Structures are given as structure tokens and as C-alpha cells.
Amino acid sequence: MANYSEEQIRSLGLNSALLPKHVAVIMDGNGRWAKQRHLPRSAGHRAGVDRLRGIIRLSSDLGVASLTLYAFSTENWKRPSDEVGTLMALLIEYFTKEIDELFSNNVRIRIIGAYEEFAAPVRSVIERAMKRTQANTGLNLNIALNYGSRAEILRAANLAMRQAISDGRSEITAQELENYLYTAGQPEVDLLIRTSGEMRISNFLLYQCSYAEFLFPEEYWPDFTDEAYLEALRTYQKRSRRFGGLEEEA
Ligand code: FPP
């Protein structure tokens with residue numbers, strides 16, 4: 001449910017009936033943003049976190065059902081340990097500082113990925129955030145942490161298969177597989193945005209993005225303003241989505 005009226009949404013140049021139900025974002029370019037300013041990479045990540053509030057708030061106000069943010073991939077462990085440490089510290093700070101506002105905006109936080117591999121302080125803060133917001137009914141905010149899509153699909157296939165075997169069946173259905181994805185019960189991704197001009201999907205939501213529209217804005221993530229997000233949504237609304245069928249006659 002949107003907090004904005006249809007009229008407010010129209011005044012932003014958007015059509016409420018054509019808004020994406022699920023937006024996924026690869027927040028790329030924090031390091032290059034910092035380099036451009038002769039700042040350490042950690043400053044880029046901090047500036048990246050500062051952009052979250054606006055994007056989450058707008059998604060919630062517009063009535064987007066799910067927003068999935070790629071915060072830490074299974075490959076990000078390869079980064080120098082001080083950068084991994086910065087990202088973990090930012091995660092703890094983020095969930096500690098923002099949880100009250102997220103809660104009062106009716107946001108439901110879900111972590112997607114093998115977050116149980118994180119150190120205890122990170123795990124406990126994210127578990128608390130999920131628990132505190134689990135009964136909220138507004139925006140589903142999925143934060144991908146230690147996430148990789150191939151691993152997610154494999155995990156889901158194994159879980160579905162285990163169930164099938166215990167039921168005495170030798171095959172699983174697509175629906176059963178989907179029921180074990182981290183995003184079970186949420187709409188498929190309609191729009192995937194990757195900032196910084198890079199045009200790759202990087203093992204993110206491969207199953208859920210089967211029919212998604214892709215946008216690759218040039219801005220580095222810390223420069224991806226609320227207005228840039230609105231512009232991305234306007235561009236999305238101009239795309240013709242046929243899902244393999246033919247264009248409807250006007
Ligand atoms: C990509 O930029 C960004 C990341 C790997 C991390 C994204 C994380 C955040 C914005 C902060 C943590 C999130 C939460 C939810 C608190 P990059 O470093 O790969 O940039 P580069 O390609 O320019 O080097």
C-alpha cells in the first residue's frame with residue numbers, strides 16, 4: 001500500500017498502476033566515488049549507506065512491495081580485510097541507528113543470504129532487526145548479505161528435493177523450488193538497477209530476474225539521488241513488457 005495518493009504519484013511523473021512491485025538494486029561505485037574525491041574507500045561506503053534512507057522511503061511511499069539491496073556478496077570476502085571490516089561496522093551502525101525509523105515506517109526487514117556465517121555482533125544486530133519488524137506489513141526490505149544466486153538456487157533445489165524424497169516423489173515443481181528461495185512469497189523482480197554504468201548481474205537474483213527490466217544508470221551509488229531513482233522508475237514505465245508474448249493492440 002502506497003503512502004502517497006495517486007495524485008501525488010502522478011505529480012512525480014509516474015503512473016501508480018505501472019509501478020514495479022519488486023525493485024532490486026546493485027549499489028555499485030562506492031569505491032570510484034571515493035577515489036574521485038581522493039577519499040578512502042570507506043568514505044564511499046559510508047556515503048553509500050547515506051543513500052539508503054531516501055531510496056527506502058520513496059519505495060515505501062510509492063507502494064513498491066519489495067526492495068532488494070545487494071549489500072555484501074559471497075565474493076566480497078575477497079576484498080582486503082580492513083574493507084570487509086568497514087562494511088561489517090557499517091552494517092552494525094546502520095541497523096542500530098535506523099531500526100526505529102524503519103519500524104515506524106512499517107518496513108519489514110529480511111536478510112537474504114547465508115548471514116549465519118557472519119561474526120556474532122553482526123548476526124545479533126540483524127536478527128534483532130528482522131525480529132522487531134517481522135509483523136510489519138509495508139515495504140519488504142530484503143538486504144542481501146553473503147548472498148550468491150547460484151548458491152541460493154542450489155540450496156532451494158536441495159531443500160525441495162529433500163521434501164520430495166520424504167514424500168516418496170522423484171521430481172520437484174517450479175513452485176516447490178520457488179517456495180525455498182529466500183524471496184518466497186514475494187513478487188518476481190520487475191526492475192533491476194545497477195549503478196555506475198557497469199552492465200553485469202553478478203550472481204544476483206538470477207531466478208527472480210527472469211523477466212525483469214534492467215537499467216544501468218551512470219551515477220555512482222552515492223550520487224544516485226531520489227530524483228535519479230524517480231527517473232529510473234519513469235524510464236521503466238516507458239518500457240513495453242511482453243513476457244514473451246505479443247504487444248497488446250492499442
Ligand atoms: C559496491 O561498490 C558496493 C558494495 C560492495 C557494498 C555496498 C554496501 C553498502 C552501500 C553499505 C552497506 C549496506 C547496508 C545495508 C548498511 P564498490 O566498492 O564495488 O565500488 P567500486 O566498483 O567503485 O570499487
Side-chain angles (χ1 to χ4, degrees), residues 23-60 66-103 105 107-115 117-119 121-130 132-133 139-149 182 192-205 216-226 228-229:
V23 179
V25 187
I26 302 179
M27 307 178 285
D28 202 2
N30 294 346
R32 279 163 286 165
W33 181 93
K35 191 167 180 203
Q36 217 178 34
R37 289 163 177 75
H38 309 289
L39 293 169
R41 292 179 60 81
S42 57
H45 292 313
R46 184 168 283 283
V49 174
D50 288 344
R51 273 288 61 238
L52 296 177
R53 194 174 303 128
I55 302 297
I56 293 170
R57 191 65 207 247
L58 250 182
S59 303
S60 168
S66 293
L67 173 68
T68 304
L69 304 174
Y70 209 175
F72 194 90
S73 74
T74 44
E75 284 68 40
N76 286 151
W77 295 112
K78 292 184 207 147
R79 295 192 176 201
S81 62
D82 64 329
E83 183 165 347
V84 172
T86 296
L87 287 167
M88 296 299 139
L90 281 172
L91 277 172
I92 295 179
E93 187 181 324
Y94 177 76
F95 284 112
T96 310
K97 281 195 184 156
E98 298 292 324
I99 188 65
D100 287 339
E101 180 167 342
L102 291 166
F103 178 79
N105 288 330
V107 171
R108 177 170 179 173
I109 299 167
R110 302 169 198 245
I111 304 301
I112 68 168
Y115 72 87
E117 288 172 21
F118 286 128
V122 186
R123 244 178 20 237
S124 81
V125 82
I126 59 189
E127 276 167 357
R128 237 180 298 137
M130 279 195 285
R132 169 112 188 262
T133 61
L139 175 74
N140 285 306
L141 175 62
N142 304 308
I143 301 189
L145 291 175
N146 199 21
Y147 175 86
S149 187
Y182 292 121
L192 177 108
I193 300 171
R194 181 177 191 142
T195 55
S196 87
E198 303 286 344
M199 296 184 201
R200 289 187 296 279
I201 191 164
S202 301
N203 201 16
F204 190 43
L205 303 173
F216 301 105
E218 290 294 324
E219 294 96 334
Y220 295 143
W221 172 251
D223 288 332
F224 192 69
T225 58
D226 290 1
Y229 183 40

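As the structure is a computational prediction, the values presented were derived from the model and not from experiment. When a ligand or atom number is given, it counts from 1 through the structure's own listing order. Residue numbers count from 1 along this sequence.
- Ligand 1 lies less than 4.0 angstrom from a heavy atom belonging to Arg41.
- Ala71 CB, 3.7 Å is the protein heavy atom nearest to atom 13 (C) of ligand 1.
- Looking at Leu69 against ligand 1, nothing comes within 4.0 Å, counting heavy atoms.
- The minimum heavy-atom distance between Val107 and Ile56, with the atom names listed, is CG2-CG2, 4.4 Å.
- You'll find the side chain of Val25 stays beyond 4.5 Å of the side chain of Phe204, heavy atoms only.
- Looking only at side-chain heavy atoms (C-beta outward), Leu205 and Ile112 come within less than 4.5 Å of each other.
- Side-chain contact between Asn142 and Leu69: absent, with no pair of heavy atoms (C-beta onward) separated by less than 4.5 Å.
- Nearest protein neighbour of atom 11 (C) of ligand 1, counting heavy atoms only, is Val49 CG2, 3.4 Å.
- Put simply, part of Arg79 is less than 4.0 Å from ligand 1, judged by heavy atoms.
- Distances below 4.0 Å separate heavy atoms of Leu52 from the following atoms of ligand 1: 14 (C), 15 (C).
- Any N or O atom pair closer than 3.5 Å counts here, and Tyr70 shares no such pair with ligand 1.
- Scanning all protein heavy atoms for the shortest distance to atom 3 (C) of ligand 1 gives Met27 O, 3.1 Å.
- Heavy-atom distances between Asn76 and ligand 1 reach below 4.0 Å in at least one pair.
- Under a 4.0 angstrom heavy-atom cut-off, Ile26 registers as lying outside contact with ligand 1.
- In this structure, the side chains of Met27 and Phe224 stay at 4.5 Å or more apart for every pair of heavy atoms.
- Among the atoms of Gly31, some N or O lies under 3.5 angstrom from an N or O of ligand 1.
- Residue Tyr94 holds the heavy atom nearest to atom 16 (C) of ligand 1 of all those in Trp33, Phe72, Tyr94.
- Aromatic ring orientation, Phe118 versus Trp77: tilted (interplanar angle from 30° to 60°).
- Considering backbone and side-chain atoms alike, Arg32 places an N or O below 3.5 Å from some N or O of ligand 1.
- Ligand 1 has an N or O atom lying under 3.5 Å from an N or O atom of Asn30, backbone or side chain.
- Side-chain contact check for Glu93 versus Thr96: every heavy-atom pair is 4.5 Å or farther apart.
- Those atoms of ligand 1 that come under 4.0 Å of a heavy atom in His45, given as number and element, are 18 (O).
- Scanning both residues, Pro222 and Gly44, for their nearest heavy atoms gives CG-O, 3.8 Å.
- In this structure the side chain of Arg110 never reaches within 4.5 angstrom of the side chain of Thr68, judged on heavy atoms.
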I would like to know whether Tyr220 and Gln36 meet side-chain contact (heavy atoms from CB on, under 4.5 Å); could you show each step before the answer?
CA-CA 10 Å; Tyr220 295 143; Gln36 217 178 34; 3.6 Å; yes
